[in-house]
Amino acid sequence: MGDSELLAHLLGLLAEGEITRENAELLAAAGGLRRALGEVTSPPKHARRPLQVGGEETSRTFWTRGGLVYENRPLGGAGRFRPAAGSEEGAGMGEETRTGEGGAAAPSNFIKEIVQADVAAGKHGGRVHTRFPPEPNGYLHIGHAKSICLNFGLAEELGGRCNLRMDDTNPVKEEQEYIDAIVEDVRWLGFSWGDRLFYASDYFGQLYDWAVQLIRAGKAYVDDLSAEEIRQYRGTLTEPGRESPYRDRTAEENLALFERMRAGEFPDGSRVLRAKIDMASGNLNLRDPVMYRILHAAHPRTGDAWCIYPMYDWAHGQSDSLEGITHSICTLEFEDHRPLYDWFVRELGIFAPRQIEFARLNLTYTVMSKRRLLQLVKEGPVAGWDDPRMPTLSGLRRRGYTPAAVRDFCTRIGVAKRDSTVDLALLEHCVRDDLNRTAPRRMAVLRPLKVVIENYPEGRTEELEAVNNPEDPGAGTRKVPFSRVLYIEQEDFREDAPPKYFRLTPGREVRLRYAYFVKCTGVVKDAEGRVAEVRCTYDPATLGGNAPDGRKVKATIHWVSAEHAVPAEVRLYDRLFRSENPGAGEDFLSDLNPGSLEVLGDCRLEPALAGALPGDRVQFERLGYFCCDADARPGAPVFNRTVTLKDQWSKIEGGRKG
RNA sequence: UGGGGCGUAGACAAGCGGUAAGUCACCGGAUUUUGAUUCCGGCAAUCGGAGGUUCGAAUCCUCCCGCCCCAGCCA
């Protein structure tokens with residue numbers, strides 16, 4: 001192309017409105033004119049070329065894309081580039097696009113992109129259908145929440161459906177209790193599966209028929225090898241396996257044997273049905289995987305109807321197929337199984353879902369494997385699956401976590417294929433964030449220290465007004481009784497105050513929240529010399545918490561009127577493990593945090609808390625968020641600490657000590 | 001030594017050939033009747049390493065290094 005042709009082309013683009021006059025001029029002026037215009041003619045995939053504008057000290061760079069010319073320049077945070085001035089695209093691109101309206105849309109991830117691409121390509125008629133398929137052999141944990149949010153969230157967002165399916169193919173491990181707990185937990189998280197609660201066991205009959213089909217096609221056989229022999233024949237990671245001597249039985253023979261397996265004629269472990277694939281495959285899953293094993297065990301749903309049970313690989317893909325699942329999302333360790341998943345579906349000639357794998361969640365300071373969680377429950381360091389220190393959904397619920405906080409956490413951690421361990425601090429941030437907006441504030445003294453206000457009349461009580469939630473004016477106010485004898489937190493008084501300590505100390509004035517300024521005049525000690533009582537005077541002019549003369553105090557502390565206080569038990573929970581990765585050593589139990597639970601039996605709550613119901617969540621001012629436990633009885637509240645408030649002072653003091 | 005994956009700040013994570021988003025954590029500073037919240041500011045000369053392709057590479061190619069998963073008749 002000569003220069004004149006290029007010019008003609010440029011003018012053509014200009015005429016068609018593909019580029020602006022200004023851009024055309026820039027192009028013409030640019031040193032790389034020839035090459036750039038060449039690209040504009042038919043922009044190949046990776047062919048954006050910058051044009052250095054000669055002579056300008058700012059050295060502005062431009063590049064072309066789809067016939068448009070863009071200028072490369074920083075946008076101060078919002079976006080990195082914008083179309084060059086005057087470009088038609090200018091109106092539609094730039095900062096607006098990034099910010100979008102409506103605020104926080106669910107972030108995208110590689111799975112969503114795959115699904116969206118499939119929808120755009122018209123696969124399955126643009127249908128999206130996912131499923132969450134737990135095995136009912138334990139309680140759901142926060143890692144499952146990631147999967148639940150992914151599967152149900154994707155369906156919701158893309159106008160599809162998501163099934164809940166119990167992957168109940170191994171009766172020796174599964175229990176109805178777990179099924180019930182799973183249903184409750186998914187519902188609690190806020191997702192619904194309509195009438196689509198399924199069980200892999202629903203498909204036992206179909207699976208059996210399909211197995212017969214494979215046997216007839218010569219693709220499956222009954223193997224008499226023992227478990228040990230099968231293992232030996234399988235070979236190793238680096239050596240190919242050997243074919244079983246029973247591999248070439250006739251279809252008739254296999255059919256007869258398989259029927260007898262089903263009829264219960266053989267003992268457990270004596271025979272299996274195997275798929276006939278490739279004993280030399282580098283992928284061990286393809287070395288004639290077992291499809292059925294003999295298990296004379298009662299199944300929670302099918303009872304004694306079966307004594308042969310399908311293996312995961314034989315059941316899962318076919319269940320997905322039967323339910324019309326378009327995208328079968330699972331964790332990374334199943335990546336190796338995908339070829340087998342695809343093989344079964346292909347050999348059967350049935351609807352083929354697409355399996356996509358993502359990295360499972362790991363969280364610092366806890367363990368996530370069901371094996372270890374079970375061990376914690378069985379061996380007793382924890383009170384049960386719903387112990388508030390457990391990462392189970394039932395544990396988090398009892399701890400006081402909200403479904404919204406868990407969901408928020410799941411969207412913030414993202415979805416990728418990288419093995420990662422998320423900082424517990426992020427989960428805690430999510431609850432604080434939610435509870436800060438929604439939890440009513442109350443005053444509670446966990447470790448009481450008696451305070452007597454010497455100049456306050458005995459027998460007098462005032463009802464002071466306190467705001468329920470400064471973040472939510474709609475939450476209104478409540479009355480809190482004030483009287484001569486109060487309790488404050490032991491840590492809010494120090495006879496010898498260290499530097500930076502703003503709280504009560506002899507001679508210092510502080511504010512009692514929503515009440516008065518009080519000044520410490522002295523202490524009363526017990527026989528051992530410990531401070532048993534703090535003496536104060538109050539300034540009546542500071543009612544409500546402000547001094548008419550404008551004087552300030554450095555601290556505001558919470559309190560409870562002794563006479564009106566409600567005694568309560570409060571359970572302080574902390575991380576279950578002392579190390580970030582308790583799984584590092586094999587003996588994860590040795591990493592248990594001995595201080596993961598502290599029970600305080602002598603707490604005093606403001607009267608508004610007397611009628612707290614299990615599940616009620618509140619903020620104890622200055623202390624943290626707490627949730628009324630199911631152990632609470634009328635007149636005897638029990639609270640669990642969900643999470644502390646962020647605490648600058650503990651850092652200052654901790655730093656001084658360290 | 002086989003097969004399958006993954007390597008971007010302390011922790012997650014965008015990025016999909018145009019010159020390193022965001023969040024948490026952390027560190028300031030402002031406001032504050034929660035040492036909370038909120039706000040504002042700081043925090044990666046560089047994407048595991050080395051070569052190569054290209055005007056231009058975290059993005060493409062090659063080799064190397066590291067980590068994870070697989071030898072259940074578990075899921």
Side-chain angles (χ1 to χ4, degrees), chain A residues 32 35 45-52 61 63 65 70 72 74 77 79-81 98 107-109 113 133-135 137 167 169-170 172-173 223 226-227 230-231 234-241 268-269 271-272 274 281-287 290 292-295 309 311-313 315-316 332-339 357 359 364 370 412-430 432-433 436-437 441 467 470-471 500 502-503 511-515 544-546 553-558 619-624 645-652:
Chain A
R35 197 155 27 175
K45 183 115 170 70
H46 304 297
R48 289 177 230 161
R49 304 253 163 183
L51 303 178
Q52 210 74 35
T61 44
W63 73 91
R65 181 182 218 166
Y70 292 89
N72 168 6
R80 278 168 299 162
F81 307 101
R98 299 182 80 83
S108 195
N109 59 63
E113 285 177 9
E135 180 190 15
N137 67 342
D167 217 348
T169 57
N170 185 357
V172 317
K173 286 192 173 178
D223 196 345
S226 68
I230 286 184
R231 190 169 64 75
R234 184 154 33 227
T236 68
L237 294 179
T238 52
E239 301 158 18
D268 288 5
R271 276 174 239 260
V272 292
R274 294 229 251 169
S281 173
N283 182 344
L284 299 247
N285 293 117
L286 264 19
R287 321 245 260 227
V290 172
Y292 274 101
R293 75 287 217 177
I294 301 173
L295 242 35
Y309 290 94
M311 298 288 291
Y312 164 85
D313 287 302
H316 204 93
L332 252 28
E333 66 270 27
F334 292 104
E335 235 156 358
D336 286 346
H337 294 242
R338 188 174 356 113
E357 312 84 9
T364 55
K370 275 190 191 168
R412 284 173 186 252
I413 59 178
V415 178
K417 298 191 71 163
R418 192 178 326 172
D419 286 310
S420 59
T421 302
V422 177
D423 196 336
L424 217 215
L426 181 59
L427 216 211
E428 295 184 335
H429 171 265
C430 292
R432 288 195 186 103
D433 194 41
N436 175 49
R437 288 189 301 261
R441 270 100 242 238
V467 171
E471 305 294 320
K500 297 280 201 67
F502 303 151
R503 283 109 100 149
R511 172 165 40 229
L512 293 177
R513 178 138 235 226
Y514 298 124
N546 282 309
V553 289
K554 295 273 274 185
T556 299
I557 64 178
H558 61 278
Q619 181 196 97
F620 287 171
E621 294 229 23
R622 303 208 306 129
L623 298 174
L645 254 29
K646 289 225 279 189
D647 183 2
Q648 201 61 38
W649 167 242
S650 72
K651 278 180 196 160
I652 296 170

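As the structure is a prediction and not an experimental result, all values here were calculated from the model. Residue numbers begin at 1 in each chain, while the letters A, B, ... track the order of the sequences.
Protein atom CD of A:Glu357 is 10 Å distant from nucleotide atom C1' of B:G4, rounded to whole Å. The CD1 atom of A:Ile230 sits 14 Å away from the P atom of B:A71 (whole-angstrom rounding). Distance, A:Ile413 CD1 to B:A14 C1': 15 Å, rounded to whole Å. Per the geometry, CG belonging to A:Asn170 stands 6 Å off C1' belonging to B:C74, to the nearest Å. Atom pair A:Lys173:NZ and B:C74:P shows a separation of 8 Å (rounding to whole Å applied). As rounded to whole Å, 10 Å separates atom P of B:G35 from atom CG of A:Leu623. The CZ-P distance, from A:Arg287 to B:G72, rounds to 11 Å in whole Å. Between the CD atom of A:Glu471 and the C1' atom of B:U37 there is a distance of 5 Å, given to the nearest Å.
Using a 4.0 Å heavy-atom criterion, one finds that A:Asp268 contacts no nucleic acid atom at all. The residue A:Ser650 sits apart from the nucleic acid: no heavy atom pair falls under 4.0 Å. A:Val272 comes within contact range of at least one nucleobase, with a heavy-atom separation under 4.0 Å. Across all strands shown, A:Arg231 has heavy atoms under 4.0 Å from sugar-phosphate atoms exclusively, and none from any base. Among the atoms of the strands shown, only primed sugar atoms or phosphate atoms (P, OP1, OP2) are found under 4.0 Å from some heavy atom of A:Ala416. Contact annotation for A:Thr364: no contact, since no heavy-atom pair falls under 4.0 Å across all strands. Heavy atoms of A:Glu621 sit under 4.0 angstrom from at least one base atom. Residue A:Arg412 is classed as a sugar-phosphate contact, given heavy-atom separations below 4.0 Å to backbone atoms only. Residue-level contact check: A:Pro470 touches the bases, meaning some heavy atom is under 4.0 Å from a base atom. Note on A:Glu113: a base of the nucleic acid sits closer than 4.0 angstrom, heavy atoms only.
Remark: the A:Arg503 side chain and the B:G35 base include a donor-acceptor N/O pair separated by less than 3.5 Å. For B:U34, the base has a donor-acceptor partner in the side chain of A:Arg441 [N/O atoms by modelled type, under 3.5 angstrom]. For A:Gln619 against B:U34, a side-chain-to-base donor-acceptor contact under 3.5 Å is present.
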* CA sep, side-chain torsions, deciding dist, call: A:Ile413, A:Leu426, side chain to side chain contact (heavy atoms under 4.5 Å, CB included) -> CA-CA 9 Å; A:Ile413 59 178; A:Leu426 181 59; 3.9 Å; yes
* Asked: What's the verdict on salt bridge (Lys or Arg N to Asp or Glu O under 4.0 Å) for A:Lys417 and A:Glu335, showing C-alpha distance, side-chain angles and the deciding distance?
  -> CA-CA 11 Å; A:Lys417 298 191 71 163; A:Glu335 235 156 358; 2.5 Å; yes
* Asked: How far apart are the C-alpha atoms of A:Thr169 and A:Tyr309, what are their side-chain angles, what is the distance that settles it, and do they pass the side chain to side chain contact (heavy atoms under 4.5 Å, CB included) test?
  -> CA-CA 6 Å; A:Thr169 57; A:Tyr309 290 94; 5.6 Å; no
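B:C24 and B:A58 have their P atoms separated by 28 Å, given to the nearest Å. For B:C70 and B:C64, the C1' atoms lie 24 Å apart once the distance is rounded to whole Å. Between B:G3 and B:C61, the distance separating the two C1' atoms is 23 Å to the nearest Å. One C1' atom belongs to B:A44, the other to B:A21, and the distance between them is 13 Å to the nearest Å. Here the separation of B:C27 from B:C43, taken at their C1' atoms, is 8 Å to the nearest Å. Straight-line distance between the C1' atoms of B:U59 and B:G7: roughly 14 Å, to the nearest whole Å. Separating the P atom of B:A14 from that of B:G22 is a span of 15 Å, rounded to the nearest Å. Using atom P as the reference point in both B:U62 and B:C68, the two lie 25 Å apart (nearest Å).
Between A:Leu645 and A:Leu623, every side-chain heavy-atom pair lies at or beyond the 4.5 Å cut-off. Looking at heavy atoms from C-beta onward, A:Asp223 lies out of side-chain contact with A:Val290 at the 4.5 angstrom threshold. In this structure the side chain of A:Tyr292 never reaches within 4.5 angstrom of the side chain of A:Met311, judged on heavy atoms. Residues A:Val272 and A:Ile294 are not in side-chain contact: their nearest non-hydrogen atoms beyond the backbone lie 4.5 Å or more apart.
Judged by distance alone, with hydrogens and angles left aside, the side-chain atoms of A:Asp647 form a donor-acceptor pair with the main-chain N or O of A:Ser650 at under 3.5 Å. A:Thr236 contributes a side-chain N or O that, together with a main-chain N or O of A:Glu239, makes up a donor-acceptor pair within less than 3.5 Å. Looking at A:Asp167, its side chain never comes within 3.5 Å of a backbone N or O of A:His316 through a donor-acceptor pair.
In this structure, A:Thr169 reaches the B:A75 phosphate: one of its side-chain N or O atoms is under 4.0 Å from OP1 or OP2. Listed pair A:Ser420 / B:A13 meets the phosphate criterion, a side-chain N or O lying under 4.0 Å from OP1 or OP2. Between A:Arg293 and the phosphate of B:A75, there is a side-chain N or O to OP1/OP2 separation shorter than 4.0 Å. One finds a side-chain N or O of A:Arg234 lying less than 4.0 angstrom from the OP1 or OP2 phosphate oxygen of B:C73.
Checking A:Asn436 against A:Ser226, the closest nucleotide of RNA chain B that is more toward the 5' end is the one next to A:Asn436.
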Sort me out a list of protein N/O and nucleotides 25-30 of chain B N/O pairs below 3.5 Å, or just none if empty.
| unit_1 | atom_1 | unit_2 | atom_2 | d |
| --- | --- | --- | --- | --- |
| B:C26 | OP1 | A:Lys651 | NZ | 2.7 |

N/O to N/O distances under 3.5 Å, protein versus nucleotides 65-70 of chain B:
| unit_1 | atom_1 | unit_2 | atom_2 | d |
| --- | --- | --- | --- | --- |
| B:C68 | O2' | A:Asp419 | OD2 | 3.3 |

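Classification of A:Glu357 and A:Arg338 as a salt-bridged pair holds, one side-chain N sitting under 4.0 Å from a carboxylate O.
Once rounded to the nearest 0.5 Å, the distance linking OH of A:Tyr312 with CZ of A:Phe334 reads 4.0 Å.
Between A:Trp649 and B:G35, a base-stacking contact is recorded: ring centres under 5.5 Å apart, planes less than 30° from parallel.
Stem analysis of RNA chain B (Watson-Crick or G-U pairs, both distances under 3.5 Å, runs of at least three) returns B:2-7 with B:65-70, B:10-12 with B:22-24, B:26-30 with B:38-42, B:48-52 with B:60-64.
In this structure A:Tyr514 satisfies the ring-ring contact (aromatic ring centres under 6.0 Å, His included) test with no other residue, sequence neighbours excluded. For A:Thr556, the side-chain contact (heavy atoms from CB on, under 4.5 Å) test picks out A:Arg511, A:Arg513, with sequence neighbours left out. Residues satisfying the ring-ring contact (aromatic ring centres under 6.0 Å, His included) criterion with A:His429, sequence neighbours excluded, are absent altogether.
Of the candidate nucleotides B:G35, B:A13, B:U1, B:A13 has the atom nearest to the side chain of A:Arg418.
In this structure, B:G72 shows a glycosidic angle within 90 degrees of zero, which is the syn conformation.
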